[in-house]
Amino acid sequence: MHYRLTPRAAILLTIPPILWAGNAIVGRMLHELVPPILLNFLRWAIALVLLLPLAGPIFRPGSSLWPHWRRFAILGLLGIGMYNALQYLALQSSTPINVTLVASGMPVWMMLTGWLFFGAGVSRRQIIGAILSIAGVLVVLARGEFAHLMELRLVAGDMFMILATIAWSLYSWLLIRTTGPADIRSHWANFLLAQVGFGAIWSGAFAAGEWTLSTAAIHWNSTLIAGLAYVAIGPAIIAFRCWGAGVQEAGPSIGAFFVNLTPLFTALFSSLFLHEAPQPYHALAFILIVSGIIVSSRK
């Protein structure tokens, strides 16, 4: 399949990092008001309600969705049920800047996923780029304490974010597969709702498990309501719509580069809203990660 980075695709792939940066900030702001897995479920339940008027008929008996329900169930699990829940879990113990920088290792996981499961080739430049990107992620995980690298202090949030990134890599490669009903793939609301419908089921099941195993409670106030509205509309519906369209045109590997814009926006938003100033090791990590992407993307 031939992919090309057009100006339209570049715009589509730039919008999600802005909205995802806001998602990291809002997720951190809400972490004491609502349990993380429940936050993910509420987010997608609201998105589901908003999308139903636009594409509800895809769930009717006889719809072309049902012969392909397993594909959309997997997309819903990886991109909605797992990725976002793991990110909100990460924000319980890590900062938005750290979380988005760890996620900047996405191109490495995208390359490995494509090579292992989808027959994508790997060049020497990509390997060098992967090493640089991994070095950047290690800088974040070590909090810049190179003398203690062998005694790496892993924060649970960092590990959750690595798992989330792997899930998103699988999701993005599966997203470009052309198998599936044309009437669903050709309409953005149909395609997104097919994923959200199953994703909400996964999220609800995970939230039920969290509710059973923990004593956390919801603290309703205007901040929580406003935060839920944002994460359901911006990072969910709008960002997923733009990411899907951009990846279809430019391909997962090029799309992964744009994920690395997220820490820039996150650092800006963190300074404005959370008063969490970036640290010198954040700059070093970002330089390493971006250098890896530039090297691996050159022909």
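All figures in this text were calculated on a predicted structure; none of them were measured in a lab.
A chain of hydrophobic side-chain contacts below 4.5 Å, direct or via other Ile, Leu, Val, Met, Phe, Trp or Tyr residues, connects Y88 to I225. I201 and L192 are members of different hydrophobic clusters when ILVMFWY side chains are connected at heavy-atom separations under 4.5 Å. Linking ILVMFWY residues whenever their side-chain heavy atoms come closer than 4.5 Å, directly or via other members, leaves V49 and W202 in distinct clusters. No chain of hydrophobic side-chain contacts below 4.5 Å, direct or via other Ile, Leu, Val, Met, Phe, Trp or Tyr residues, connects L89 to L213. Taken together through direct or relayed side-chain contacts under 4.5 Å among Ile, Leu, Val, Met, Phe, Trp and Tyr, W173 and L77 form part of one hydrophobic cluster.
Residues F72 and P181 approach most closely at CE1-CD, 4.2 Å, considering heavy atoms. The shortest non-hydrogen separation linking A250 to A9 is CB-CB, 4.3 Å. Taking each heavy atom of C242 and L12 in turn, the nearest pair found is CB-O, 3.3 Å. Across every non-hydrogen atom of N84 and G79, the tightest pair is ND2-O, 2.8 Å. Of all heavy-atom pairs between G244 and L175, the closest is CA-CD2, 3.8 Å. Counting all heavy atoms, side chain and backbone alike, W20 lies closest to A239 at NE1-CB, 3.5 Å.
Under the 3.5 Å distance criterion, the side-chain polar atoms of Q195 are matched with a main-chain donor or acceptor of F191. N190 places no side-chain N or O within donor-acceptor distance of the main-chain N or O of R185, the cut-off being under 3.5 Å. A donor-acceptor pair under 3.5 Å is absent between the side-chain atoms of D158 and the main chain of S93, judged by distance alone.
Taking I46 as the reference, L50, L228, A232 meet the side-chain contact (heavy atoms from CB on, under 4.5 Å) condition, with sequence neighbours excluded. Listed by chain and residue number, L78, T113, F117 satisfy the side-chain contact (heavy atoms from CB on, under 4.5 Å) test with L170 (two or more places apart in sequence, or in another chain).
For W115, the CH2 atom is loosely surrounded, since the number of other residues' heavy atoms within 6.0 Å does not exceed 12.
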Inset, instruction - Evaluate the side-chain contact (heavy atoms from CB on, under 4.5 Å) criterion for residues M161 and S94: first the C-alpha distance (whole Å), next the side-chain angles of each, then the deciding distance (0.1 Å), finally the verdict. - result: CA-CA 10 Å; M161 202 58 219; S94 190; over 6 Å; no
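Atom CG of residue L42 and atom CG of residue L30 lie 10.5 Å apart, to the nearest 0.5 angstrom. Going from atom NE2 of H187 over to atom CG of L193 covers 10.5 Å, rounded to the nearest 0.5 Å. Rounded to the nearest 0.5 Å, atoms CD1 (I58) and CH2 (W66) are 8.0 Å apart. T266 contributes atom OG1, which lies 13.0 Å from atom CZ of R28 (distance to the nearest 0.5 angstrom). In this structure, CG in L51 is found 11.5 Å from CZ in R241, a value given to the nearest 0.5 Å. In this structure, the separation between CG on D183 and OG on S63 is 6.5 Å, given to the nearest 0.5 Å.
Side-chain contact between L91 and H31: absent, with no pair of heavy atoms (C-beta onward) separated by less than 4.5 Å. At a threshold of 4.5 Å between non-hydrogen side-chain atoms, the residues F118 and L174 count as touching. Taking the side chain as every heavy atom from C-beta outward, L13 and V247 approach each other to under 4.5 Å. Contact annotation: the side chain of N23 approaches that of R43 to within less than 4.5 Å [non-hydrogen atoms, C-beta and beyond]. Contact of the L48 side chain with the W44 side chain is not registered, since no non-hydrogen atoms from C-beta on lie closer than 4.5 Å. V196 places none of its side-chain heavy atoms less than 4.5 Å from the side chain of F240. Contact check for E210 versus P36: side-chain heavy atoms found under the 4.5 Å cut-off. With contacts defined as side-chain heavy-atom distances shorter than 4.5 Å, the pair F59/L65 qualifies.
Taking the six-membered ring where the residue is Trp, Y83 and W168 present tilted rings, their angle falling between 30° and 60°.
Outside the 6.0 Å centre-distance limit, the rings of F41 and W211 are not counted as a close aromatic pair.
When each of L39, N221, I218 is checked for a side chain to side chain contact (heavy atoms under 4.5 Å, CB included) with L33, only N221 meets the rule. With L19 as the partner, the side chain to side chain contact (heavy atoms under 4.5 Å, CB included) test is satisfied by one option alone out of V231, I238, I237: I238.
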